[in-house]
Each structure stands twice: as C-alpha cells, then as structure tokens.
There are 2 protein chains.
Amino acid sequence: MKRIAESTVRRLSLYLSFLEGIERQGLKTISSDELARLGGTTSAQVRKDLSLFGSFGKRGLGYAVPELSKQLREILGLGKQWRVCIIGAGKIGAALARYRGFAERGFIVTAIYDIDEAKIGKRFESLTVRPISELEKDAAKHEYDIAVVATPAESTPAVVKQAVRAGIKAILNFAPVQISVPSDVTVRTVNMAMELEGLSFALSNRAD
Amino acid sequence: MKRIAESTVRRLSLYLSFLEGIERQGLKTISSDELARLGGTTSAQVRKDLSLFGSFGKRGLGYAVPELSKQLREILGLGKQWRVCIIGAGKIGAALARYRGFAERGFIVTAIYDIDEAKIGKRFESLTVRPISELEKDAAKHEYDIAVVATPAESTPAVVKQAVRAGIKAILNFAPVQISVPSDVTVRTVNMAMELEGLSFALSNRAD
DNA sequence: ATTACTTTGTGAATTACTTCACAAGCATCC
DNA sequence: GGATGCTTGTGAAGTAATTCACAAAGTAAT
C-alpha cells in the first residue's frame, strides 16, 4: 500500500470523531459534503482520503455512519489493544498515568518508569513507578507497543535510546526536544512551547 | 509578505530551540547543515526557511548563533509579551494555570474562567477562577491576545464563540473537538486522542 | 594576490498534496 | 421503466512544499 500522509491520518481521526457524535445522534447516513463542513475541508478531500482505503460510500446516498465508523476504526488500528508505558514520573507523566482517555480508546497503560530514586516506588492509580533500568527487561515480557516520553530535555535522548533498544516502535513525545530514532520507529511530538510560538507568530504577522 | 506555511513556522521554532542550546554551549556559529541534522531535515530546507525572512548567514561561515537566535525570536514575535487567559478550570486548565513555561516565554497568564458555579472562586497559584460570563467585559479592559481553551467537548463551541466575540485572535485548543472561527483567528489544537490514533495507524500499517 | 575550500541564497526541477470536474451508480417519482 | 436528482470515486489539473544544484561570497593559507 502506498504511503499515507500524516495530514491524511489526522483528518481520518477527525472524521471518526464526527462520526461517533453523529452515530450517537442516531443519524444513519452522511455525505462527504457534510463531513467536509464539519472538518473545515472540502468534499473532494474527504472522498479522496477515504478512497485511499476503499470505497465505503453509496453513490446518491453518502456513507452509512456505523459502517464508515467501523471502517475508520479498522484503518486506524483501533480495536486492537496497544500496550503503553509511560517514561518519566514528573508532572506530565503523573497526569498521564491518571488520564482515563487511554483505556477508553484501547491503549492499556501497563507501567510507569523514572530514573529518580526518590520517585521509584511511588504509586499513581494502579501503577507503581519502576526504575528505568528495568525497562528493557520488562519489555521482553510485556511487549510494549508505545512509549509515552515525559522526561526533562537532558535525559530524553538516553531514555529514547533505551525505549528503541527495548523494541518499541511508536513514541508519543512530551519532552521539549526533538528526538531521533531509526526510520522504523514513529514519533509524534506534543510541545507546548512550539504551539505557543506558532500563535505568537500568527499574532505578530496579522494583516500584512 | 507572502503566506508562510505552518510547517515552516514549526521548523523555525525548532531551530530556535537548538540555537538556544548551542548558545549555552558557547558555540559562535552554525551551518545550515548542522541545523538540518539536529532538526531531521535538509540543509536546503533550513536555508529556504530562513531566506523567507532575510539573509542572516555569511557564505563560507554559516550563521552567527546569537544573531540568528535574536532574529528568530523577532520573527516569531517572542520578546513581545502576550496576554493569555485560560478557559476551563478542570484538570487540564488547572495544570496549565500552574505551568511555569508560559511566563518563561513571555506569555502572561492573566485569568482563568469556568462556567461551573462550584469552581468559581477557587484559586490556582495567583489566579482566582472567574465566571465565563465576565470574559467579554474583562477582555475590554485586559486585551487578551490568546485564549487557552480546556473545556469539555459540549461546552467548547459556546466558549469559543465568546472568546471570539471578546476580540481574541489566537486560540490554543485542548478540547477534544474541532473548533470553527472566523479566518482572522488562528487556532492550534492539541488532541491526545488524535496523536494516539496516529501512532496506532502507524503501528497497524508497518512494513507494507 | 592567487588558489583552494567552505557554505550561503536561490532559481529550477521535482515531488507531494489538494481541488476540479465529470462519468457512473443508486434511489425516487411519475 | 424512463427520467430526474443526488452523491460517490477518480483521473486530470492545479498548488504548494521540498530538494537539487550551482553561482556568488566569504575565509584561510601560501
């Protein structure tokens, strides 16, 4: 299958969230045009995005909501259960350990790690903070799919290296640094400073 | 000046963060090639990004680190102080109210709002939660530049409408929904579910 | 002052992404 | 069952973003 752009995947996520809302309202079908309006895009874009994976619509009618919803979940690999570990038990890590949204979407948080002696043994919900040195050994047993990295800038490169060595193929990065990984590992970075700077840029360059 | 792509702005942010690190290490100059390596891009990309705003380098030498750093801060509109209000005093809103990173970068958090009677009057750091109904009146006095929206999905559209009516031109959206605003308002959305789904997609479609 | 070497800045070429536009399919009505 | 109306799926066209490739400008060494 040919390469799918990240922007496409983001839109698929978005469509799915709309479909779930619409499904709850009990509507049975939806057109590419309505989906486009919800997502701030064009109907052609919606159809092209979906057509990369198959033809799910009926001409003249649109898309059956539960059907398309199911297909998108399938495409996005939801439905599978992914095993997640959190690395870094600071403020963000702790907040994530308490976050309900993971389990709701089939992401099972299995462990939380830190380097800091003082934090090891602390409990967050049902998880006890473990030393990062155990990561690789644990991974051999537990087969983590995703590492959520929430460490300070300095320790991040080393932590990422360990995660990669442990065979983890997807990283959600909250550390305020760029991370480098082999090409078979996927990274998504969430960086407050970068988002704020983007807004600052937009504000500074309005109307010229 | 011509339209700058969001991807370009993201890279500028990234370059700036590298330069700040390099400045601390005391290095005086850097080449587009080194910046590219740090940022996981190409030297041509770096040069093109910068050339959109001027010519900051010296042929044969590279870029003077403090100089380029200063220019990027200028381009990104840092240095100005931006006035920020947080809307939504739930978990995320509360965490953001305590977050030090805003002030460090010149973003002054001035107020936090909520609809919920029970939350109004609560204190986070130096801020007291105010009723959202006061937003517009406050904005007339305080001239907010940025609203950070951290509300549940249902209440978000109404809240965003109020923020727009209050004259706010930039929104950082943590609510798990798409928000629609007039074209002179800039929005950046941070959505955990969407990031996780992106990783799930990548994991599901490896090696084909 | 000439030569050798480095690295920028930028048009041109390429690649990626989006939008257009329309034939084909399906439902409904008369 | 033919005509009408609607909406998909998709090549082709159009934009946008990235990479190539090289002249121009600088440094350093002799």
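Here is the naming used below: chain letters follow the sequence lines, and residue numbers restart at 1 for every chain. Given the structure is predicted, the values throughout are model-derived calculations rather than measurements.
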Discussion item. Less than 4.5 Å apart, side chain to side chain, heavy atoms only: is that true for Leu76(A) and Ser13(A)?
Written reply: yes

Worksheet item: To the nearest Å, how far apart are Glu6(B) CD and dA16(D) C1'?
Response: 14 Å

Worksheet item: To the nearest angstrom, how far is Asp49(A) atom CG from dT8(D) atom C1'?
Response: 14 Å

Discussion item. Using OP1 and OP2 only, check whether a side-chain N or O of Arg11(A) sits under 4.0 Å from dT18(C).
Written reply: yes

Discussion item. Can you tell me which residue among Thr156(B), Val149(B), Val164(B) is in a side chain to side chain contact (heavy atoms under 4.5 Å, CB included) with Ile179(B)?
Written reply: Thr156(B)

Item to complete: With the side chain counted from C-beta on, respond yes when Ser43(B) and Arg47(B) share a heavy-atom pair under 4.5 Å apart, and no when they do not.
Response: yes

Item to complete: Would you tell me if any nitrogen or oxygen in the side chain of Ser32(B) comes within less than 4.0 Å of OP1 or OP2 on dT7(C)?
Response: no

Discussion item. Heavy-atom nearest nucleotide on DNA chain C for Phe56(B) versus Ala5(A): which residue maps closer to 5'?
Written reply: Phe56(B)

Practice prompt. In whole angstrom, give the distance that lies between atom CD of Gln71(B) and atom P of dG9(C).
Written response: 11 Å

Discussion item. Ignoring hydrogens and geometry beyond distance, is the side chain of Arg59(B) in donor-acceptor contact with the base of dT7(C) at under 3.5 Å?
Written reply: no

Worksheet entry | For atom NZ of Lys48(A) and atom P of dA16(C), their distance in whole Å | 15 Å

Worksheet item: Taking atom C1' of dT7(C) as reference, at what distance in whole Å does atom CG of Leu50(B) sit?
Response: 13 Å

Discussion item. Under 4.0 Å, counting only non-hydrogen atoms across every strand here, what does Ala44(A) touch: a base, just sugar-phosphate, or nothing?
Written reply: base

Discussion item. Let's test this: given Watson-Crick or G-U wobble pairing with both distances under 3.5 Å, identify the partner of dA12(C).
Written reply: dT19(D)

Fill in: d(OH, Tyr15(B); P, dT8(C)) in whole Å
12 Å

Practice prompt. In plain terms, say whether Arg73(B) and Glu20(B) are close enough for a salt bridge, that is, a side-chain N and a carboxylate O under 4.0 Å apart.
Written response: yes

Worksheet item: Within less than 4.0 Å of OP1 or OP2 of dT7(D), is there a side-chain N or O belonging to Ser31(A)?
Response: no

Fill in: Contact under 4.0 Å: Tyr63(A) side-chain N or O vs dG9(D) OP1/OP2
yes

Worksheet entry | Nearest-Å distance for atom pair CD/C1', residues Glu34(B) and dT8(C) | 14 Å

Discussion item. I need the NZ-P distance between Lys58(B) and dA28(D), as an integer number of Å.
Written reply: 12 Å

